[in-house]
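Since the structure is predicted, the reported quantities are computational estimates derived from the model, not experimental observations.
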Amino acid sequence: MAGSGFYSEVPIFTRFPDLLDGSYYRPLPEDWVVGMTDVVSSRQAIAEGRYKAVNVAGVAVIAGLSNALGQEEFPFVFGGDGASFAIPPEAAEAARGVLAASAGWAREELGLTLRAALMPVATIREAGSDVRVARFAPSPNVCYAMFAGGGLAWASAAMKAGRFAVPPTAGASPDLNGLSCRWQPIPARRGVILSLIVVPAGAVVSEDYRRLVHDILELATHAERPVPSVAAGWSPAGAEIEAHVMRRSSGPLALRRLLARAKGFFSFAFLKTIPRIGQFDTAAYIKQTIENSDFRKYDDGLRMTVDCTAEEADRIEARLAEADAAGISLSGAHRQDAALMTCFVPSALRSDHVHFIDGAGGGYAAAAIAMQRNGHSRQGETEPTPA
């Protein structure tokens, strides 16, 4: 049986443009399992201004499983209104429990329906797709998984068709310690926060698609990662959601609201005014937050949320439209005036805290809707092969 040591041996790349270099990818062991979630009717929730709740529900399974597995590293990817991950067989039951608890918690605490599924890698391969994984290190502190092979796209379509479902557990709550969304939306500094999704249109990752990804990254060369300074301020709306993130054993919701507001306010005040206390170095933490941010990724397709000018966004969207029309890609993009950061910080004294970036006006979920609206639904139409 291939154990969890597999992932620690997967090669690491540090240049994001190398994301389609197949030499960095390794096939998941046959006895591993893939899990995933997504928020049902996320479009409606976003239209109601509940984008923070949608993002927190999306990150919940990553935080819950990370806490359940302790120091065990596993590959995962955040998709805006959901997440995907892979784990060895010995952790499958723990993952099933976290998925069920996360779905129950999202329904009872956030009023959101979180669809969840868990399926064997072997089943994905029997269906003709694969799941290959690489590790991208945006900084010396963290690695994020990149997935190729078409397996996640196939698995997502299967989940949405009701297969491999993990039903919610009523009254359960995953351990979400370290999960927060306490910062205000991050205003665009260069004019536009652009979220985009670009997947191959065919059954293979063609040279034309590789060229397209290269072109998009070139066009986004001067775009910035949308990460706030501390001046962005703390968010009362985020504190409300964080109150629901806290374990129910912390007390009634009214008390949790007070605690969450106090934590948000004092975290902001601390980072703003105190340079160091004990082992905690404020400047180092802020630097790590910027460097560790997850604002671009690959999970059977390119996803990015960047801060760019309107002219840069025009050029990127024009190149995508051209490639879509040529049958090279399926893409969707969404513009907004701010970004959102959802954080998983198990310990502020460690450098491996992770920060997930999405657009504050719909982000990846809205980009996926745009792709569907243009007749380019990702699910079930394309199952790209490995990079």
**Request:** Measure from NZ or CZ of R135 to the centre of the six-membered ring of Y7, then state whether that distance is under 6.0 Å and the direction lies within 45° of the axis.
**Result:** yes

Which atom names give the shortest non-hydrogen contact between [X] and [Y], and what distance separates them?
X: T37; Y: G58; result: OG1-O, 4.4 Å
X: M304; Y: Y364; result: C-OH, 3.4 Å
X: A188; Y: I193; result: CB-CG1, 3.8 Å

Out of curiosity, [X] [atom1] to [Y] [atom2], how far, rounded to the nearest 0.5 Å?
X: K263; Y: E242; atom1: NZ; atom2: CD; result: 5.0 Å
X: L20; Y: Y25; atom1: CG; atom2: OH; result: 6.0 Å
X: C308; Y: D314; atom1: SG; atom2: CG; result: 9.0 Å

Do [X] and [Y] sit in the same hydrophobic cluster, where Ile, Leu, Val, Met, Phe, Trp and Tyr count as joined when their side-chain heavy atoms come under 4.5 Å apart?
X: F268; Y: F270; value: yes
X: L219; Y: F16; value: yes
X: M36; Y: F147; value: yes

**Asked** Does the distance from a Lys or Arg side-chain N to an Asp or Glu carboxylate O, for E291 and K287, drop under 4.0 Å?
**Response** yes

Is the number of heavy atoms from other residues, nucleotides or ligands within 6.0 Å of [atom1] ([X]) greater than 12?
X: I277; atom1: CD1; value: no
X: F265; atom1: CZ; value: no
X: E48; atom1: CD; value: yes
X: R107; atom1: CZ; value: yes
X: D281; atom1: CG; value: yes

Could you verify whether a donor N or O on one side chain and an acceptor N or O on the other, from [X] and [Y], lie under 3.5 Å apart?
X: N292; Y: N141; result: yes
X: D21; Y: S23; result: yes
X: E312; Y: H222; result: no
X: Q336; Y: S195; result: yes
X: S267; Y: R182; result: yes

**Prompt:** Under 30°, 30 to 60°, or over 60°: which ring-plane class applies to F164 and W154, parallel, tilted or perpendicular?
**Reply:** tilted

For a 4.5 angstrom cut-off between non-hydrogen side-chain atoms, does [X] reach [Y]?
X: M146; Y: V77; value: no
X: Y209; Y: V198; value: yes
X: V227; Y: T289; value: yes
X: L69; Y: L65; value: yes

**Asked** Knowing that exactly one of I241, T342, V39, I46 qualifies, which makes a side chain to side chain contact (heavy atoms under 4.5 Å, CB included) with N55?
**Response** T342

Output a table of donor-acceptor pairs, distance under 3.5 Å, between side-chain atoms of residues 78-88 and any protein atom two or more places apart or on a different chain; print 'none' if there are none.
from: D81; atom 1: OD2; to: S42; atom 2: OG; distance (Å): 2.9

**Request:** Could you check R125 against L28 for side-chain contact (heavy atoms from CB on, under 4.5 Å), going step by step and ending with a plain yes or no?
**Result:** CA-CA 10 Å; R125 291 200 174 116; L28 286 179; 4.2 Å; yes

